Amino acid sequence: MKTSRINIGKTLTAALLLGMSLNVACAPAMKGQFSKASALAEAHVWYDGDRERKVWINPQMVADFNPDAAKHSKLQTANLSATPHQRNKHNGINIWQLDKISSSTSGASIAAIKSLQTTQPAGKYSPVFHDGPSNSATMRALPGNIFVYLNPLWDSAAVTAWLKSHQFEIVKKLEIGPNIYLLKTGPGMEALDTANKLYKSGEVKAAFPDWWQEVTAQ
Amino acid sequence: MKVTRYSFQLVALIVSLLLAACGGGSGGGSASLPPPAPTNVTATAKDGYVLLDATVASDAAGVNVYWSTSSGVSKANGTKIVVGSSPQAHTGLANSTTYYYVVTAVNANGESAESAQVSATPVALASLATDPLNSEQWHLQNTGQSGANSTGTAGEDLNVQPVWTGVTVPGTAIRGNGIRIAVVDDGLEIGHEDLATNVASNELSYNYATGSNDPSNPANDTAEGNGHGTAVAGIIAARGFNGIGTTGVAPFANVVGYNYLKNTSLSNAVDAMTRGIAAVHVSNNSWGPNPKGNLVPADSVTRDAINTGLATGRGGKGTIYVFAAGNGGPTSNANYKGTSNTHGTIVVGAVNDKGQKASYSEEGASLLVSAPSGEYCDTHTITTTDRTGNTGFNLNATATDYINKNYTRCMNGTSAATPGVSGVAALMLEARPELGWRDVRLILAETARQNDAADSGWFQAGASNQYHFNHKYGFGVANAAAAVALAKTWTLITGAEATLSPASVAPNTPIPDATGGNGNPVVPGTSITSTINVPSGGAVSNIEYVEITFNAANHTYMGDLEVLLTSPAGKTSRLAESHPCQDANNATAACVTVYDGWVFGSSAHLGENTAGSWTLTVTDKGPGDTGNLQSWGLKFYGR
């Protein structure tokens, strides 16, 4: 991509990452330490194949998978005041910064998003997560749907029976291995919780959400 | 005898002298004898001149070149050119005439015997490439033309001209015919005047935002960097020789667009890596995360998709995946993210118009090759297609770019280097369709041009020092003519790729902390080492790639650690360097990821044998954080 000149000199004046509010004043931080204001406290586990990985929820951001200016007003009317976040990179998503939120905890933002999904069922909203305990780490979000790796030895009847028993709907059968499917779920925590529950059940070889992930042109 | 290296450059008759490191080249002579004859002499045809390379011993004080337009040139019958210790200019070679050369080395004791004869036939680029902006496309032919604020170095280019003109493959113009490249990016303007002819049938492209087969950016797409995919596509396959705009590296290849960057879900990534798997030859991926010094792994399903392409793409010969190294240099290393250290992919770094590393280009042991891209638009960057009219990179308001807003001179980044290599791969595959993905990797490595010869980071690689490697460049700048030439005579690798995973070790050794800081000099901690002994006779004896799984999860600041892997042959991969991390605003910030079973990748041990002791060296270079080398392991790929 057209990289512009960015001063990435190695100055030692570190700006703290603001986890709670981007308007909080910055203070110098020592290497290896970052203030509570920049740290994200709540980690969620997911299973990338058989590997446990963590993501940290950002309580002040919402991902909206129906990029539409009109939805902004709907966010606002849902008792959330949202403005476009600076990392709104148009990778098929709008990232909103929440200016007003009743609590600093992620539980409140998750509840708020669930409420939003209820009141705006046409929308697809998700919490925003990061691959590290800081909002400087790369972002992820949950547009809905999960990957499932079923027993590779199952025949089609066994696969069909299993899907029916769990009332899963196939979005797509993937041709990257035997019995690998993209199954339909709702967005947000439903996708993560469903995948984790499946993986822990032992019924599947792997289960993980169809993450949206933050990438950029180079 | 230690052999030194220095290079020469002549305008019409250009001789570069490469002096091999220990064990290579012509070795050395004694104090009372003339030097030995030069070896590894090559002649590369250019427009009106010939580039000569040779290896001479360090006791050579100069070089003589003898040339003739008749075969059988010798010291006795050739025209002599003396090349001293400084560049000399020779001009006026006739295109379409074959010139024959032998080279000798001289010192105070006399002149060596003649080298083997080589020959080359200069060809005129202008007579073939008639597109108006060709003279600006220094990445195709660097004649030393100037950008806004930088003058290039002649010869620092992809060397494609001989391939196009029937020189590399005598009598056959190789231009990418029949080769399809997927441009996985933010879009592709399929109706662009200089791309449309090369766009594969519409139904083969895909738009992840709309579900249609037209990946063109919508008219109202004003996102930053929109038009990136159109620019990338032009570098690969802008239609050539049509009197319009620019010329791609593979000017007659076909492109399809998958605008994955418009909807970056995992399912779309999987689809983009495998869509059209039977027919797509090359997958160009000028994208990736921006880890700012942290670690971003490739998710397992993306790796599964790439492995599927390697195993079944092109009817089993494997899709050629080309990925950008990343623009986070010097803070980030290509080995810190899964898109640029995945086994089976070709990772590409960027060089400027002088053949030196672009300041932003990420180094790494996982690099394979580099390609021209340039620094920034205010110096000298890549000319390519741009979205038509007042959109894309070149807008009506952009006074520093072309008046014709359908093109831009400002494309850069490892994004622009990557399609250069995709184009070279396309030329290779037209010349030799049977090449497997492993063949393509090996040929690119073997034929890469050793740029920036004075850089101290070069080392001889391979069991018999048959390669050169530099963490800034991989094996060097991709050389289209050399790669296509070797592709024609290459002995194909047969048999499936083998792997060898010796038992990992779990030393759980504390890593001594660095000391100092807070105004005092920082003193690195004492390095610790750990060894894995690999017995001979394993499934892999000839290495093509190495993965290193590294676990130091309890170290509280990954950026402190330098991690090196040294092979039994004494070659060292620099897997990680001590570095700061950055926040979203590029300010120094805490590193927020840890080495929790992180998988590094290395191309640097290509051609080595697995047998022997492999040593991991870990050094803490930042005070105040501690942890252990908990465990590590190796996985070799090869034959």
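In the text below, chain A, chain B and the rest are named by the order of the sequence lines, each starting its count at 1. All of these numbers come straight from a predicted model, not from anything done at the bench.
- In terms of the side chain to side chain contact (heavy atoms under 4.5 Å, CB included) criterion, residue partners of Asn352(B) (sequence neighbours excluded) are, by chain and number, Lys354(B), Gln356(B), Glu375(B).
- The most heavy-atom pairs under 4.5 Å with chain A, out of Gly326(B), Gly288(B), Cys581(B), come from Gly288(B).
- Asp48(A) and Ala298(B) get closest at one heavy-atom pair: OD2-O, 4.4 Å.
- To the nearest 0.5 Å, the span separating CZ on Phe147(A) from CG on Asp299(B) amounts to 9.0 Å.
- Between the side chains of Trp287(B) and Thr216(A), no donor N or O sits under 3.5 Å from an acceptor N or O.
- Distance check: Ile93(A) CD1 to Thr264(B) OG1 gives 7.5 Å after rounding to the nearest 0.5 Å.
- For residues 176-199 of chain A, a heavy-atom distance under 4.5 Å to chain B picks out Ile176(A), Leu182(A), given by residue number.
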Begin with the C-alpha distance, continue with both residues' side-chain angles, and end with the deciding distance and a verdict on side-chain contact (heavy atoms from CB on, under 4.5 Å) for Val215(A) and Leu261(B). CA-CA 8 Å; Val215(A) 296; Leu261(B) 296 187; 3.7 Å; yes
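- Legend: residues meeting ring-ring contact (aromatic ring centres under 6.0 Å, His included) with Tyr208(B), ordered by chain and number and at least two apart, are Tyr206(B).
- The parts of Ser300(B) that come within reach of chain A are both its backbone and its side chain, each placing non-hydrogen atoms under 4.5 angstrom from that chain.
- Ile146(A) CD1 to Ser267(B) OG: the interatomic distance, rounded to the nearest 0.5 Å, is 12.5 Å.
- Both the backbone and the side chain of Val301(B) come within contact range of chain A, judged by heavy atoms closer than 4.5 Å.
- Annotation: Asn520(B), atom CG; neighbour count of heavy atoms from other residues, nucleotides and ligands within 6.0 Å is above 12.
- To the nearest 0.5 Å, atoms CG (Asp304(B)) and CG (Leu174(A)) are separated by 10.0 Å.
- Gln218(A) places no side-chain N or O within donor-acceptor distance of the main-chain N or O of Thr414(B), the cut-off being under 3.5 Å.
- Salt bridge Asp271(B)/Lys172(A): present, at least one basic N to carboxylate O contact under 4.0 Å.
- For the set Ala325(B), Pro297(B), Pro291(B), the entry with the most heavy-atom pairs within less than 4.5 Å of chain A is Pro297(B).
- Under the ring-ring contact (aromatic ring centres under 6.0 Å, His included) criterion, Tyr336(B) pairs with His579(B), not counting sequence neighbours.
- If you measure heavy-atom distances from Ala324(B) to chain A, the contacts under 4.5 Å come from the side chain alone.
- Closest heavy-atom contact between Leu266(B) and Gln213(A): CD2-NE2, 3.2 Å.
- Each of Gly559(B), Ala417(B), Ala269(B), Gly597(B) has some count of heavy-atom pairs under 4.5 Å with chain A, and the biggest count is that of Gly597(B).
- Separation of atoms CG (Asn294(B)) and NE2 (His130(A)) is listed at 12.0 Å; rounding is to 0.5 Å.
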